[in-house]
Number of protein chains: 2
Amino acid sequence: MKIGDLAARTGLSVDTLRYYEKIGLIPAPLRDAGGRRVYDASILRWLQFLERLKATGMGIRDRLAYAELRARGAETARERREMIERHRQKVAASLWEMQKTLELLDEKVETYRKIEAGEIEDPGALPAPRAVKGART
Amino acid sequence: MKIGDLAARTGLSVDTLRYYEKIGLIPAPLRDAGGRRVYDASILRWLQFLERLKATGMGIRDRLAYAELRARGAETARERREMIERHRQKVAASLWEMQKTLELLDEKVETYRKIEAGEIEDPGALPAPRAVKGART
DNA sequence: TCTTGACCTGAAGTGCGCTCCAGCACCTAG
DNA sequence: CTAGGTGCTGGAGCGCACTTCAGGTCAAGA
């Protein structure tokens, strides 16, 4: 698989793939006779997992640290498990935040519907600023 | 309330609050005789809501657009509702992603425990790269 | 054969979201 | 009355995560 194919399959750009390789997030692939990158299909699963980590808020530094442990093999299993456990806690917290916010957004939508129907005034309206003695506006 | 107090209450830095004001995310507060910002307690709810939007992935451009609509009052209720509804969809999608990832992370942790116990080999191990004819490494 | 498009490298540039700094004014507790 | 803390402004700087660019090489189809 050439870099353009991999980009098409992952949704990442060719530039992003080269960037990931440069920083060490993905291993340097073999090259063909013309010096072009040739990827093994196994890279797909790894990139998909990295995307999951990214989508759930893991920064590139941590993803890189994880990638480096992974490259060192089974001896780093404990460290990787600890990283994953820490990330799991963050994801769980974020999940909770998302759920609360979803409820809040639903309430907001209801409120806006009422405003639109003329049933209530805008409750988020800015209070008219009152002058303060000697204020230097 | 002075800016330092507001920073302490919100967890934002004094610089961040001034930055938010500069870009229009929060309204310019009144000033005291010495030219210092004096905040009304109502700013707290607004900042908390902005934090929710931010924590759930809404970028500063969209938060700013929302803030501008809000400042224009009740006539923008429909537009704000539509923004919130769009964001709701994104949050719902993200929530789903988080849940799937949480399961995946739990599986990973189990896998690492087994590797640590010596029960299995590292399934994420990199396949040994095979040479490609004429490769220019 | 020619041309077009995919690929290569190293380096510079971009947008976001702050964060820090210099150099100053002000207020208040000791 | 003075020292220290808090606040002010405008502007520079920063870390992240790419993205774009210049200036090429290479391969495969018409």
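Every chain is numbered from 1 and lettered A, B, ... according to where its sequence line falls, protein lines coming before strand lines.
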**Q** Is B:Arg37 near enough to D:dT9 that one of its side-chain N or O atoms lies under 4.0 angstrom from OP1 or OP2?
**A**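 Checking D:dT9 against B:Arg37, a side-chain N or O does come within under 4.0 Å of OP1 or OP2.
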
**Q** In terms of side-chain heavy atoms of A:Thr16, which of D:dG7, C:dC7, D:dT19 is nearest?
**A**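 Out of D:dG7, C:dC7, D:dT19, the nucleotide with an atom closest to A:Thr16's side chain is D:dT19.
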
**Q** Starting at the 5' end of DNA chain D and moving along, which residue's nearest nucleotide shows up first, A:Gly59 or B:Arg36?
**A**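 Result: B:Arg36.
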
**Q** Establish, with yes or no, whether the OP1 or OP2 oxygen of D:dC18 is under 4.0 angstrom from a side-chain nitrogen or oxygen of A:Tyr20.
**A**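 Answer yes for this pair, as a side-chain N or O of A:Tyr20 is under 4.0 Å from OP1 or OP2.
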
**Q** So, is B:Lys54 near the phosphate of C:dC18, with a side-chain N or O under 4.0 Å from OP1 or OP2?
**A**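 It does, given that an N or O in the side chain of B:Lys54 lies less than 4.0 Å from OP1 or OP2 of C:dC18.
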
**Q** Expressed in angstrom and rounded to an integer, what is the separation of B:Leu50 atom CG from C:dG17 atom C1'?
**A**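 After rounding, the gap between these two atoms is 14 Å.
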
**Q** According to a strict under-4.0 Å criterion, is A:Lys22 in side-chain N/O contact with OP1 or OP2 of D:dA17?
**A**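 No, because none of the side-chain N or O atoms of A:Lys22 sits under 4.0 Å from OP1 or OP2 of D:dA17.
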
**Q** For a quick test of reading the model, state the closest non-hydrogen atom pair linking B:Gly73 to B:Arg80 and the distance between them.
**A**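 Answer, listing the atom of B:Gly73 first, then B:Arg80: O-NH2, 2.9 Å.
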
**Q** Which heavy atom in A:Met1 sits nearest to a heavy atom in A:Ala41, and how many Å separate them?
**A**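 Closest heavy-atom pair between A:Met1 and A:Ala41: CE-CA, 4.0 Å.
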
**Q** What's the CD1-P distance between B:Ile26 and C:dC18, to the nearest Å?
**A**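 Rounded to whole Å, this separation is 12 Å.
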
**Q** Go through the side-chain N and O atoms of B:Ser42 and B:Asp40 and say whether any donor and acceptor fall under 3.5 Å apart.
**A**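 Per modelled atom types, B:Ser42 and B:Asp40 side chains form a pair under 3.5 Å.
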
**Q** Distance check needed: C:dG10 C1' versus A:Ile23 CD1, whole Å only.
**A**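 Atom-to-atom, A:Ile23 to C:dG10, this comes out as 17 Å.
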
**Q** Identify which nucleotide among C:dG17, C:dC20, C:dC8 has an atom closest to any side-chain atom of A:Ile3, counting heavy atoms from C-beta outward.
**A**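 Between C:dG17, C:dC20, C:dC8, the one nearest the side chain of A:Ile3 would be C:dC8.
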
**Q** Please report the interatomic distance CG(A:Leu25) to CD(A:Glu68), rounded to the nearest 0.5 Å.
**A**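 It is 9.5 Å, given to the nearest 0.5 Å.
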
**Q** From OH of B:Tyr19 over to P of D:dC8, roughly how many Å is that when rounded to an integer?
**A**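 About 18 Å, once rounded to whole Å.
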
**Q** Does CZ in A:Arg9 sit with more than 12 non-hydrogen atoms of other residues, nucleotides or ligands closer than 6.0 Å?
**A**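 Open.
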
**Q** Classify B:Arg61 by what it touches in the nucleic acid, base, sugar-phosphate, or nothing, heavy-atom distance under 4.0 Å.
**A**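 Sugar-phosphate contact only - B:Arg61 comes under 4.0 Å of backbone atoms but never of a base.
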
**Q** Do the side chains of A:Ile23 and A:Ile43 join up, straight or via other hydrophobic residues, at under 4.5 Å, putting them in one cluster?
**A**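 Shared cluster, yes.
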
**Q** Whole Å only: how far is the CD atom of B:Glu21 from the C1' atom of D:dT9?
**A**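 For the pair B:Glu21 CD and D:dT9 C1', the rounded distance is 12 Å.
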
**Q** Given C:dT9, D:dC16, C:dC18, identify the nucleotide with an atom nearest to the side chain of B:Ile60.
**A**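 Nearest to the side-chain atoms of B:Ile60, counting from C-beta on, is C:dC18.
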
**Q** Angle between the end axes of the helix from C:dT1-D:dA30 to C:dG30-D:dC1, five pairs per end, to the nearest 10 degrees?
**A**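 End-to-end axis angle for the helix from C:dT1-D:dA30 to C:dG30-D:dC1: 0°, rounded to 10°.
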
**Q** Show the nearest heavy-atom pair for residues B:Ala77 and A:Ile115, with the distance to one decimal.
**A**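 Closest pair (atom of B:Ala77, atom of A:Ile115, distance): CB-CG2, 3.7 Å.
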
**Q** Using heavy atoms to find the nearest nucleotide of DNA chain C for A:Asp15 and A:Lys2 separately, return the residue whose nucleotide is more 5′.
**A**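 The residue closer to the strand's 5' end, by nearest nucleotide, is A:Lys2.
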
**Q** Just the rounded figure in Å: distance from C1' of D:dT6 to CG of B:Leu17.
**A**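 Checked: the CG to C1' distance equals 14 Å.
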
**Q** Rounded to whole Å, how long is the line connecting atom CG of A:Asp32 with atom C1' of C:dC8?
**A**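 A:Asp32 atom CG is separated from C:dC8 atom C1' by 11 Å.
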
**Q** Whole Å only: how far is the CZ atom of A:Arg63 from the P atom of D:dC16?
**A**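 Rounding to the nearest Å, CZ of A:Arg63 and P of D:dC16 are 11 Å apart.
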
**Q** I need the B:Asp62 CG to B:Leu53 CG distance, nearest 0.5 Å.
**A**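 These two atoms lie 9.5 Å from each other.
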
